[in-house]
Student: 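Structure in structure tokens, see below.
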Amino acid sequence: MYPLYKSLNLSKIDESIREFWEEHNIFEKSIEQRPVENSFVFYEGPPSANGKPGIHHVMARTVKDMFCRYQSMKGKRVERKGGWDTHGLPIELAVEKELGITKEDIGKKVSVDEYNKACRETVMRYKDMWDDLTRKMAYWVDLEKPYITFENTYIESVWYLLKRLYDKDLLYKGYTIQPYSPKAGTGLSSHELNMPGAYKDVTDTTVVAQFKAIPDTLPDFLVGEEHLHFLAWTTTPWTLPSNTALTVGPKIDYVLVQTYNQYTFQPVQLILAKALVGKQFSGKYEAVEDAADLANYEAGAKKIPYFIKKECKGADLVGIRYEQLLPFALPAENPENAFRVIAGDFVTTEDGTGIVHTAPTFGADDAMVAKKANPPVPPLLVKDQQDNLVPLVDLQGKFRPEMGEFGGQYVKNEYYMNDDAPDKSIDVQLAIKLKTENKAFKVEKYVHNYPHCWRTDKPVLYYPLDSWFVRSTAMKDRMVELNKTINWKPKHTGEGRFGKWLENLQDWNLSRSRYWGIPLPIWRNEDGTKEICIGSLEQLQTEIDKANAALGKTQEVPKDLHRPYIDDIVLVTEDGEPMHRELDLIDVWFDSGSMPYAQWHYPFENQEKFKTNYPADFIAEGVDQTRGWFFTLHAIGVMAFDSVAFKNVVSNGLVQDKHGQKMSKSKGNAVEPFETLATYGLDATRWYMISNAQPWDNLKFDADGIGEVSRKFFGTLYQTYNGIFAQYANIVDFNYKEDYVPLAERKSIDRWIISKLNSLIKDVNADYADYEPTNAARRVQNFVDRDLSNWYIRLNRKRFWSQSYGKDEITAFQTLYDCLVTVAKLMAPISPCFADWLFRNLNDASQKEGAESVHLADFPEADESAIDTALEERMNYAQRISSLILSLRKKENLRVRQPLAKILLPVLDPSFIEQVDGVKDLILSEVNVKEIEYLTDASGVIKKRIKPNFKTLGRRLGKDMKAAAQAIGGFNQDDIANLEKTGSYTLVVGDNSHELTLEDFDISAEDIPGLLVANDGPLTVALDITLDDQLLAEGTARELVNRIQNIRKSKDFNVTDRITIYLEQNDAVVPAVEHFKDYICNETLATSLSLTDAVADGEKIELPNEVSIGIQVEKA
RNA sequence: CCCGAAAUGGCGCAAUGGUUAGCGCAGCUGUCUUAUAUGCAGAAGGUUGUAGGUUCAAAUCCUACUUUCGGGACCA
């Protein structure tokens, strides 16, 4: 017996199926039943369990799950090792907030042990919730043996990878400009900079400085100009002593302006961007037309005249040298290359002067453009007492002694404690100095947005810091090359976003100065001349032994490889000199990018396992991981193993709210995943997500859409199974025990749906294989709704509830069973529970297949021999012709229950008759008409329409196409007839004549004058609507059947109950009863039908033409 | 500022450069049903974001712009 249900409850179904899986270890079986050699490798990008999962995780994990399930059903062994990302700043912050401490308190208020322990616990804070989601959304992933990035085995593998890079000379230590908080003494990540409130409006003293050009170095067109200065603007005057270059935009227009300095009244000539003259020379400045007018100026006058003397491009200025603005110190290295004009593309004329003050020690752009220049411009670094190169500002944020009277002062007043700050900040003091030295063109207050340290609330300095880098640029070309072998979904992410990113690759800053993360396994001696990179615990042990011997210590490999334990380990150089660990941790992205190796503790264990599981066939994550996980996987794969780490990657888009807005807790539009899953069930939720938008498009998540999916798709499918198949199959005891009825012996409608089904199988396979799940889902949906339910079932209902059970019925049940069980398999990857429910409902009763779950079954393969495109086309005619007839009936208010005499079909092509004849009976019964008559051309009543065939003609006719279309449009019926007779036509357009054949035209029937006609594209049908008594009587009989059936239903009779009918004598029904008594009785399972004068206690039924009669229906 | 994606009836989505731009949802009108959480038919709803260009022909290709989303601006 097939189970029957009272109603469809999707969440109940998914719950019961999930229980079934767990009880019978279906997941495990789905892996183990497939051979090891035939693997499909999937990598799980580790989520961080210290945040709660959201609805977007349901989306992302559906994508992962779907393709894994598909491949699994295709016979692949798909292991899915889960993992947890456990390091990183968010975890540290959460812990510190919870413990109420700051970084400084670590080791003081809180022991490092406690801190570490707290991190370990916090990191798994929401693990239960994640596990719950995993289960409730039916995401199959192995959470029994996940990889966890904080475990020693994982760290050891990461160390191995780092050492591999180190040995290839791909790790180095260098300077980079980073946001730095002097008060906190630490660099800040952008993550920290992006914390709410970090950017604040501040008022700073800004200076437009005058840099005096050195006459010897001027290009020809400026030779001889005196008092020549470049104007450059800065909002951070304290960086001016570190200026070593001025940057101009090579394509920007610059002018030479002759005027007077407003502070010293001295004559000056100034160079700045043409576009900014108006902005800089505002207020008391006044343009003059003639250079002579400048001479009239007197010092201190209200208005200062200025005159634009010359114009040039930025490129013309490159190479000019200038006097150092504030000569406190010279760059320690290559000072001869400093203080000159260089070119940079980032220069704009938005504000300032179009000339950028360039201090490579304090600006990232500055450092880059300085390095690019030829020869490179040196940063202003000086040597400290240990001969280290340091900037003019120290790590506390104070000027170094080289700065003379400014030495020892904080560069920003905010850094002073309490009230120690001087009245005039460094910026103001410098501005005053510049003013008096004729080096300041303008000094102003300026309000702008500037980042602050979230912890100290003090402004951030951009400051050069020591960092360890991965020399990814060295392997750039190879990364680009190998990326081209990766199948990206969508393509543009791989070519565009990722490809461009690779082409503009920078070295990867690996350093993080934190506690909770993987320590950089590099030890260095005091002066940094000797170092060692540790690649395994064994090596660490060896080195510790050496060190213990040399230093007389008793160190051991720490049980926990995290800080600070690892920091206590002192190693020695070959000379016995102590080496200490570089205190940095590594970027957590390196952790996750290491997972292909570290999840197996490769190469220390599982070497074989690794070999068969690398690289991945498939990974999927959000598009935001492009430069995150996707990159680190790829970079490490290429750099360490010269291999891609994944072959196919789906980068899914965002899940937004229904208005296209980003979901966030603060907006209150975040969708709660558990609620959604509980309300709609996981199957409808997943189906909705996949069918509604392609995974890489942003999904506008609207719960109403899930409702629609569950009504339309799941409701239909449920009803097809429950209301049609199971109910009647149980009655006739269909268990698929009979021999399979060969296709050739089936009705054309059966062969049609089977053909459709196999086409579907073929297409869906291609879609899944090509990572196009949305197409797959939409195809299945259309099949179920349009083909199966609304055509096949509708036309074959009677075969299912006919009480007899012969070959025809068996065929129908077999056909429907096959459709249903196949649909279950096709949809299984997307909606795994409902699919299994359907599969098991069918299969448990029929025992047709051995699989105990759809997920252990094989994915269907198309039987090409069952695909009959001619038949599919035929049926398409049937559907369209029926639809046209129904619309004609509608127009004329002719009920379908009223039979009509005939359909007239104009025929222009003999094969058309053959095609339609094949489905004639279907059409006739569907639209309730007695016969089809073909109107051939010869009848002469068909009015035709002609159109040019643009596809064949367009290419040949080119420019004449328009005229041709017009000419052809003007054809009358005779022209068309003529063309059809001769089969050719000579078209003359202007001077050209073209020989056209029938192929170049579309001729279709348009009208049959005098008849009721409707068109759909080339199809035309006409309807004969004359009614005779016989037809009217039959129409009435059908009405009666309908009313009687309604009564049966309202009286809750069983489907099989027999009845007796008494009908009130009435002229309207007499002919019907006379001629169609048997028909009425058959349809309504009546044993008798009698006409009586009056019906004692029956009911009234309404018939057309406002006839109302009494009727009595009783169980026989 | 740079890069990528998108823009098609009220909403969600389709449409190998080829002539009536489709489908679903919602709303409207009517209707069928002993499978319906349906279905069917009809009406309405569009200058395919704007402006140019290429072409015989553009929703589709090109350019610019506008808007939205995302990423980046050295944290990846």
Side-chain angles (χ1 to χ4, degrees), chain A residues 7-8 89 176-179 187-194 346 348 350 364-365 367-368 490 492-493 495-498 500-501 504 506-510 512 587-590 593 623-629 631-632 653-654 656 658 660-662 691-694 696-700 702 704-705 707-708 710-712 714-716 718-725 727-728 774 778 781-782 785 789-790 793-794 797 800-801 882-883 886-891 893 895-897 947-955 957-965 1017 1042 1045-1046 1048-1049 1053 1055 1084:
Chain A
S7 67
L8 173 60
L89 185 69
T176 176
I177 312 296
Q178 293 171 24
L188 298 171
S189 68
S190 72
H191 186 115
E192 289 163 298
L193 242 44
N194 285 333
F346 63 91
T348 69
E350 296 275 302
D365 266 342
M368 205 155 67
H492 62 75
T493 298
E495 282 172 1
R497 190 184 286 201
F498 194 67
K500 291 261 165 60
W501 156 255
N504 299 317
Q506 304 290 312
D507 280 349
W508 176 0
N509 187 345
L510 204 55
R512 298 291 182 273
D587 182 6
V588 285
W589 286 112
F590 199 97
V623 68
D624 52 320
Q625 292 295 334
T626 308
R627 283 153 189 200
W629 194 51
F631 169 69
T632 58
L654 300 166
Q656 304 166 325
K658 62 175 165 182
Q661 296 297 305
K662 194 175 173 175
S691 65
N692 194 59
Q694 292 183 304
W696 37 88
D697 285 335
N698 292 344
L699 173 69
K700 288 176 188 164
D702 185 359
D704 289 345
E708 187 183 324
S710 58
R711 263 196 314 279
K712 199 165 167 52
F714 290 95
T716 305
Y718 158 80
Q719 194 59 33
T720 305
Y721 163 76
N722 199 62
I724 295 283
F725 179 81
Q727 185 179 344
Y728 297 114
T774 306
R778 288 176 181 172
Q781 204 167 302
N782 281 338
D785 185 47
S789 172
N790 275 312
I793 303 276
R794 197 147 64 87
R797 254 180 355 225
F800 296 105
W801 48 268
S882 302
S883 171
L886 290 174
S887 79
L888 284 175
R889 275 180 170 279
K890 183 72 227 165
K891 213 175 276 171
N893 256 326
R895 302 176 309 279
V896 178
R897 279 194 287 267
K947 259 182 6 187
N949 182 346
F950 285 91
K951 252 182 184 157
T952 64
L953 282 177
R955 218 170 303 132
L957 269 58
K959 280 202 197 339
D960 292 341
M961 190 63 221
K962 225 172 212 164
N1042 168 252
Q1045 302 289 33
N1046 284 346
R1048 285 186 66 113
K1049 194 177 187 181
F1053 289 179
V1055 176
T1084 58

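Lettering of chains follows the sequences in order, A, B, ..., and the numbering in each one begins at 1.
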Student: Rounded to whole angstroms, how far apart are CD on A:Glu708 and C1' on B:G24?
Tutor: 6 Å
Student: Which nucleotide in the set B:C69, B:A37, B:C13 lies at the smallest distance from any side-chain heavy atom of A:Leu654?
Tutor: B:C69
Student: Nearest-Å distance, CG (A:Asp702) to C1' (B:G24)?
Tutor: 14 Å
Student: Output the single nucleotide from B:C69, B:A5, B:G24 whose closest atom is nearest the side chain of A:His492.
Tutor: B:A5
Student: Is A:Lys947 near enough to B:U20 that one of its side-chain N or O atoms lies under 4.0 angstrom from OP1 or OP2?
Tutor: yes
Student: Base contacts versus sugar-phosphate-only contacts with protein, heavy atoms under 4.0 Å: please encode nucleotides 56-64 of chain B as B, S and - from 5' to 3'.
Tutor: B--------
Student: Under the rule for side-chain contact (heavy atoms from CB on, under 4.5 Å), what residues qualify as partners of A:Ser883, not counting sequence neighbours?
Tutor: none
Student: What pairs with A:Trp508 under ring-ring contact (aromatic ring centres under 6.0 Å, His included), at least two apart in sequence or on another chain?
Tutor: A:Phe590, A:Phe631
Student: Looking at every non-hydrogen atom in both residues, tell me the closest pair between A:Asn698 and A:Ala693 and how far apart they are.
Tutor: O-CB, 4.2 Å
Student: Tell me every residue that passes side-chain contact (heavy atoms from CB on, under 4.5 Å) with A:Asp507, counting only those two or more places apart in sequence or in another chain.
Tutor: A:Tyr172, A:Phe469, A:Arg471, A:Ser472, A:Thr473
Student: Looking across every strand, which nucleic acid part, if any, lies under 4.0 Å from A:Leu953 by heavy atom: base, sugar-phosphate, or nothing?
Tutor: nothing
Student: Nearest to the A:Arg794 side chain among B:U20, B:G12, B:G39, which nucleotide is it?
Tutor: B:G39
Student: Toward the 5' end of RNA chain B, which comes first, A:Asn782 or A:Val623, by nearest nucleotide?
Tutor: A:Asn782
Student: Does A:Asn949 have any side-chain hydrogen bond (donor to acceptor under 3.5 Å, both in side chains) partners at least two apart in sequence or in another chain, and if so, which?
Tutor: none
Student: Please tell me which of the listed nucleotides, B:A41, B:G12, B:G4, lies nearest to the side chain of A:Ser883?
Tutor: B:A41
Student: Sequence neighbours excluded, which residues qualify as side-chain contact (heavy atoms from CB on, under 4.5 Å) partners of A:Val623?
Tutor: A:Thr493, A:Arg497, A:Thr626, A:Ser651
Student: What is the minimum heavy-atom distance between A:Trp696 and A:Pro490, and which atoms define it?
Tutor: CB-CD, 3.3 Å
Student: Which nucleotide in the set B:G24, B:C75, B:C13 lies at the smallest distance from any side-chain heavy atom of A:Arg778?
Tutor: B:C13
Student: Dot-bracket, 5' to 3', for RNA chain B please: Watson-Crick or G-U pairs under 3.5 Å, [ ] where pairs cross earlier ones, | where the partner sits on another strand, dots elsewhere.
Tutor: (((((((..((((....[...))))..((((.......))))......(((((..]....))))))))))))....
Student: So does A:Trp589 get a backbone contact from the side chain of A:Thr632, meaning a donor-acceptor N/O pair under 3.5 Å?
Tutor: yes
Student: Which residues pass the salt bridge (Lys or Arg N to Asp or Glu O under 4.0 Å) test with A:Asp785, not counting sequence neighbours?
Tutor: A:Lys712
Student: If I pick the P atom on B:A51 and the same atom on B:G12, what distance separates them, to the nearest angstrom?
Tutor: 23 Å
Student: From B:A37, B:G39, B:C13, pick the nucleotide closest to the side chain of A:Asn790?
Tutor: B:G39
Student: Looking at B:G71, I'd like to know if its phosphate oxygens (OP1 or OP2) sit under 4.0 Å from a side-chain N or O belonging to A:Lys500.
Tutor: no
Student: May I ask you to verify if any side-chain N or O of A:Lys700 is less than 4.0 angstrom from the OP1 or OP2 atom of B:C11?
Tutor: no
Student: Using whole Å, what does the distance between atom C1' of nucleotide B:G24 and atom CG of A:Asn692 come to?
Tutor: 10 Å
Student: Between B:C40, B:A37, B:G39, spot the one nearest the side chain of A:Leu886, thanks.
Tutor: B:C40
Student: Could you tell me how far apart A:Phe498 (CZ) and B:G71 (P) are, to the nearest whole angstrom?
Tutor: 17 Å
Student: With sequence neighbours left out, write down each residue that passes side-chain contact (heavy atoms from CB on, under 4.5 Å) with A:Phe950, or none if nothing qualifies.
Tutor: A:Pro948, A:Met961, A:Ala965
Student: Taking only residues two or more places apart in sequence or in another chain, which ones pass side-chain hydrogen bond (donor to acceptor under 3.5 Å, both in side chains) with A:Glu708?
Tutor: none
Student: Among residues at least two apart in sequence or on other chains, which ones pass side-chain hydrogen bond (donor to acceptor under 3.5 Å, both in side chains) with A:Arg794?
Tutor: A:Glu926
Student: Toward the 5' end of RNA chain B, which comes first, A:Asn949 or A:Asp587, by nearest nucleotide?
Tutor: A:Asn949
Student: For the side chain of A:Gln694, counting heavy atoms from C-beta on, which of B:G4, B:A37, B:A14 is nearest?
Tutor: B:A14
Student: Restricting both atoms to N or O, compile the protein contacts to nucleotides 29-32 of chain B shorter than 3.5 Å, with distance only.
Tutor:
{"unit_1": "B:G30", "atom_1": "O2'", "unit_2": "A:Lys890", "atom_2": "NZ", "d": "2.8"}
{"unit_1": "B:C32", "atom_1": "O3'", "unit_2": "A:Arg897", "atom_2": "NH1", "d": "2.4"}

